[in-house]
Number of protein chains: 2
Amino acid sequence: MITRTVPDIVVGRLPRYLQALEHMYREGIKTTSSQELGEAIGISAAQIRKDLSQFGEFGKQGTGYSVAFLVEQLQSILKLTRIWDLALVGMGDLGNALARYQGFAEHGFRITAAFDNDPEKIGKEVAGLIIQDSREMKRIIPSLGIKIAMLTVPASVAQMVAEELVDAGIRAILNYAPISLNLPDDIHVENIDPIIKLQHMTYYLD
Amino acid sequence: MITRTVPDIVVGRLPRYLQALEHMYREGIKTTSSQELGEAIGISAAQIRKDLSQFGEFGKQGTGYSVAFLVEQLQSILKLTRIWDLALVGMGDLGNALARYQGFAEHGFRITAAFDNDPEKIGKEVAGLIIQDSREMKRIIPSLGIKIAMLTVPASVAQMVAEELVDAGIRAILNYAPISLNLPDDIHVENIDPIIKLQHMTYYLD
DNA sequence: CATTTTTTGTGCGTATTTTCACAGAAAAAA
DNA sequence: TTTTTTCTGTGAAAATACGCACAAAAAATG
């Protein structure tokens with residue numbers, strides 16, 4: 001059975017399946033089952049089968065799933081069969097760490113432009129990127145066709161900068177600033193905030 | 001009405017309420033409503049009221065919620081009325097950026113120990129912390145009573161290091177390594193992985 | 001070749017989560 | 001004071017998500 005509108009919660013699990021499957025692939029594992037995959041990531045086998053069935057029939061009864069094939073299918077579903085250009089906005093410690101992180105390139109994400117508003121930083125090079133003036137975002141981002149931004153500016157300016165990014169044609173923002181952004185409904189925002197995660201965990205501690 | 005076991009999904013929203021309320025508090029806003037709070041963070045008013053009602057009655061009909069009071073209550077619910085010590089394990093670029101991040105201290109989290117296994121790094125100081133040999137974790141972590149760790153080591157060793165942390169008495173791990181950790185059920189793990197988040201968003205882009 | 005084992009995809013029931021909508025209480029307005 | 005407005009807390013309904021359990025298919029075994 002194929003797609004109606006797939007629930008976002010299902011979409012959100014697909015990258016985790018993909019991560020585990022790519023790990024298996026690197027280990028030389030050719031075939032896996034919903035059972036085995038589930039145990040690897042702590043999700044029930046039934047749920048994995050249900051989730052995948054939203055997109056097609058990828059397994060074989062008695063055998064399970066070809067790891068390589070399922071990796072391909074998930075990459076295709078998640079639109080990962082192309083390079084995605086990223087803008088990195090805010091070159092503090094975190095921005096610098098992200099600029100140097102190899103993981104993006106390894107997964108088809110390329111940081112194509114880096115911005116900051118600090119004259120001290122503009123013009124400097126980090127990991128092969130020249131930091132550009134954030135006043136140039138409106139010009140540069142559309143010219144490079146960039147659709148995704150990572151936002152690592154201080155919370156105090158995050159909303160304003162996010163609006164500038166949307167204005168520049170950005171469609172998805174990975175927000176590292178500890179604030180919730182208020183943006184049009186068609187802009188996809190994902191938040192990464194360690195404080196929020198820590199506070200979630202302290203609830204369960206003594 | 002007061003607590004049965006509160007669903008984890010509800011607990012996970014509390015830090016977001018708290019974040020928005022603390023922001024209001026800094027802005028000098030004395031009172032808010034479920035409506036206003038919901039608009040600030042993109043959650044329905046009814047959901048916020050339902051969530052809060054799991055823990056008590058914090059609002060007043062006709063008036064709404066006292067911001068200061070609700071901040072206090074949420075801090076109390078989330079066990080944030082004390083300082084939590086953190087261990088930071090893996091002093092690469094990301095570990096260094098986290099060591100320097102002011103946000104932890106501002107929210108009652110104190111990075112009390114930093115570890116790495118690289119002899120080049122051990123003994124160096126970062127943001128007032130001396131990097132210690134990760135072979136010492138088993139001794140140092142219990143002696144400082146640390147219960148929470150942030151894990152910023154390479155994926156290839158993350159599982160092993162996580163097991164060492166559990167062995168050292170760690171009860172909660174904020175995992176930055178791009179791999180799912182397999183640990184006892186009573187250990188709380190939260191993952192922060194930008195690749196997973198980006199792949200979630202690309203699904204919705206062209 | 002027949003039997004047993006493995007494992008998928010899915011219909012259906014259950015559980016969880018969200019939203020609706022309203023009584024009741026407080027505040028504001030008249 | 002009385003009436004109207006605002007806004008909570010919550011029971012009930014609706015919507016979503018999850019998991020069981022099984023037919024069917026493939027592979028393995030005997």
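- Side-chain atoms of B:Q75 and A:Q199 include no donor-acceptor pair closer than 3.5 Å.
- For A:I48 and D:dG19, the CD1 to C1' distance is 13 Å, given to the nearest whole Å.
- What separates CD of A:Q35 from C1' of C:dG9 is a distance of 16 Å, to the nearest Å.
- Following rounding to the nearest Å, A:E36 (CD) and C:dT7 (P) show an atom-to-atom distance of 9 Å.
- In this structure, A:F58 places its CZ atom where more than 12 heavy-atom neighbours from other residues, nucleotides or ligands lie under 6.0 Å away.
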Stepwise, does the side chain to side chain donor-acceptor pair (under 3.5 Å) test hold for A:S134 with A:N117? CA-CA 5 Å; A:S134 49; A:N117 70 345; 5.2 Å; no
Sequence-aligned protein contact record of nucleotides 2-7 of chain D, with B where the base is within under 4.0 Å of a protein heavy atom and S where only the sugar-phosphate is: ----BB
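- Look at CZ on B:F69: it is 14 Å from P on D:dT8, rounded to the nearest Å.
- For the atom pair B:Y101 OH and A:D93 CG, the distance stands at 11.5 Å (nearest 0.5 Å).
- Side-chain to base pairing of A:K50 with C:dT10: no donor and acceptor N or O lie closer than 3.5 Å to each other.
- Within 4.0 Å of B:L52, counting heavy atoms only, lies no atom of the nucleic acid at all.
- Of the two residues contacting DNA chain D, namely A:I9 and B:A46, the nearest-nucleotide position lying further toward the 5' end is that of B:A46.
- Between A:Q47 atom CD and D:dT16 atom C1' there is a gap of 12 Å when expressed in whole angstrom units.
- Residue B:I43 holds its CD1 atom at 8.5 Å from OG of A:S180, rounded to the nearest 0.5 Å.
- If you take CZ of B:F55 and C1' of D:dT8, they are 17 Å apart, rounded to a whole angstrom.
- Note that CG of B:L181 and CD1 of B:I187 are 11.0 Å apart. Values are rounded to the nearest 0.5 Å.
- Between A:R13 and D:dC18, a side-chain N or O to OP1/OP2 separation shorter than 4.0 Å is present.
- In this structure, A:E57 places its CD atom 11 Å from P of D:dA26, rounding to the nearest Å.
- Counting to the nearest Å, the P atom of C:dT16 and the CG atom of B:D51 are 16 Å from each other.
- A donor-acceptor pair shorter than 3.5 Å can be found between the side chains of B:D8 and A:Y204.
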